[in-house]
Amino acid sequence: MIRTVSKEDVFQITEIYNYYISHTTVTFETVCIDANEMHKRVTNVLKNYCWLVYVEGNKILGYAYADIFKNRSAYAKTVETTVYVHHEHQRKGIGQNLYKALLDRLMEKDVHVAVGIVSVPNESSIRLHQKLGFKCAGHLREMGTKFNKLLDVELWHKILSKEETNI
């Protein structure tokens with residue numbers, strides 16, 4: 001089941017995220033966070049956007065949210081999207097279902113563009129973005145360092161609204 005996050009979910013979300021911090025280059029964070037920090041992040045996102053969780057029984061198996069892309073007024077209808085699936089529950093469609101639900105909510109909120117920032121290589125995330133109609137908008141070299149390795153990122157974007165563009 002997919003639903004809006006609640007404060008009771010924060011501990012499980014933190015555990016999911018900290019796995020990725022400690023073991024992968026999917027996130028550029030390098031130090032694990034605590035539940036208080038995650039609670040602040042969730043609260044901040046919910047002020048303007050949405051944060052969804054995928055729940056099976058009492059277990060959070062994944063989450064997705066959108067937040068500001070850049071803190072400049074001209075980006076007001078553009079968001080950065082994030083999806084994480086518990087590392088033991090990948091390749092079950094959870095990420096795709098969460099992302100679809102997130103994009104649906106964003107369209108309801110009059111968001112025009114969703115941007116996913118993917119550290120590469122990350123074939124599963126690239127495939128997910130492609131399946132959902134995102135287009136690669138650029139490859140940025142050596143944008144971060146983690147585990148003593150320089151990392152590239154790709155920007156993936158999807159236009160959500162039917163609004164006319166002047167370009």
Side-chain angles (χ1 to χ4, degrees), residues 1-46 49-69 79-107 111 114-136 139-140 142-158 160:
M1 169 179 78
I2 296 173
R3 63 167 169 76
T4 299
V5 68
S6 70
K7 65 181 178 179
E8 291 79 20
D9 302 328
V10 169
F11 288 103
Q12 290 185 65
I13 290 169
T14 305
E15 288 176 359
I16 291 169
Y17 188 52
N18 281 340
Y19 172 85
Y20 287 96
I21 293 172
S22 298
H23 297 94
T24 76
T25 57
V26 170
T27 175
F28 277 27
E29 284 203 70
T30 58
V31 177
C32 289
I33 65 171
D34 63 21
N36 288 330
E37 174 61 25
M38 183 61 77
H39 183 266
K40 289 178 196 172
R41 294 179 186 192
V42 169
T43 300
N44 192 50
V45 165
L46 290 176
Y49 300 107
C50 50
W51 190 307
L52 305 175
V53 292
Y54 186 101
V55 183
E56 216 170 74
N58 292 326
K59 188 163 174 75
I60 305 295
L61 300 184
Y63 64 91
Y65 66 91
D67 203 359
I68 60 170
F69 174 67
V79 297
E80 180 180 345
T81 56
T82 301
V83 177
Y84 284 96
V85 175
H86 190 288
H87 68 279
E88 294 175 350
H89 294 276
Q90 294 182 347
R91 300 199 191 331
K92 297 180 180 178
I94 294 168
Q96 186 171 341
N97 288 332
L98 273 167
Y99 219 152
K100 283 181 182 176
L102 179 65
L103 295 173
D104 288 344
R105 299 268 182 102
L106 294 173
M107 285 188 274
V111 170
V115 177
I117 301 175
V118 178
S119 63
V120 290
N122 187 341
E123 285 305 313
S124 60
S125 186
I126 289 170
R127 276 194 310 274
L128 175 61
H129 284 88
Q130 289 171 332
K131 281 182 189 174
L132 295 173
F134 282 73
K135 303 293 182 208
C136 186
H139 185 105
L140 306 173
E142 300 180 359
M143 294 296 290
T145 304
K146 189 170 180 181
F147 306 134
N148 295 314
K149 182 179 178 183
L150 286 168
L151 302 169
D152 295 0
V153 296
E154 287 183 353
L155 300 175
W156 287 79
H157 82 293
K158 180 175 182 170
L160 302 176

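As a basis for the values below, the full set of heavy atoms in this structure was taken, side chains included, without hydrogen atoms, waters or symmetry mates.
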Original post:
Does a sphere of radius 6.0 Å around NZ in K40 hold more than 12 heavy atoms from other residues, nucleotides or ligands, not counting ones at 6.0 Å or beyond?
Top reply: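 No - once you tally the heavy atoms of other residues, nucleotides and ligands closer than 6.0 Å, there are 12 at most.
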Original post:
Is F11 atom CZ crowded by more than 12 heavy atoms from other residues, nucleotides or ligands, each under 6.0 Å away?
Top reply: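 Not more than 12 within 6.0 Å, no.
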Original post:
Without hydrogens or angle criteria, can the side chains of E29 and Y17 be said to hold a donor-acceptor pair below 3.5 Å?
Top reply: yes
Original post:
Just checking, is any N or O donor in the side chain of D9 or S6 under 3.5 Å from an acceptor N or O on the other one?
Top reply: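 Present: a donor and an acceptor within the cut-off.
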For [X], side chain to side chain donor-acceptor pair (under 3.5 Å) partners two or more places apart:
| X | result |
| --- | --- |
| E80 | none |
| D67 | none |
| E88 | none |

Heavy atoms, side chains only, cut-off 4.5 Å: are [X] and [Y] in contact?
| X | Y | answer |
| --- | --- | --- |
| T25 | K149 | no |
| V5 | I13 | yes |
| L103 | L160 | yes |
| Y84 | I94 | no |

Original post:
Between Y54 and Y63, is the ring centre distance below 6.0 Å?
Top reply: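 Centroid distance Y54-Y63: not below 6.0 Å, so no.
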Original post:
Is the gap between the ring centers of Y65 and W51 under 6.0 Å?
Top reply: yes
**OP:** Could you point out which residue of T81, N44, V79, L102 forms a side-chain contact (heavy atoms from CB on, under 4.5 Å) with Y49?
**Re:** V79
**OP:** Please say which of V31, T30, T27 ends up in a side-chain contact (heavy atoms from CB on, under 4.5 Å) with I21.
**Re:** T27
Subject >> Q12 side chain vs I60 backbone, donor-acceptor pair below 3.5 Å >> reply: yes
Original post:
So, the side chain of H39 versus the backbone of A35: is there a donor-acceptor pair under 3.5 Å, distance only?
Top reply: no
**OP:** Take V120 and V153 through the test side chain to side chain contact (heavy atoms under 4.5 Å, CB included) and record every step on the way to the result.
**Re:** CA-CA 5 Å; V120 290; V153 296; 5.8 Å; no
Please report the shortest heavy-atom distance between [X] and [Y], naming the atom on each side.
| X | Y | value |
| --- | --- | --- |
| A64 | V83 | CB-CG2, 3.7 Å |
| V45 | C50 | CG1-O, 3.7 Å |
| V118 | S125 | CG2-OG, 3.6 Å |
| K158 | G133 | CG-O, 4.0 Å |
| V26 | T24 | N-OG1, 3.1 Å |
| G62 | I16 | N-CD1, 4.1 Å |

Original post:
Given the rule in the side chain to side chain contact (heavy atoms under 4.5 Å, CB included) test, do S119 and D152 qualify, once you have shown the distances and angles that lead to the verdict?
Top reply: CA-CA 6 Å; S119 63; D152 295 0; over 6 Å; no
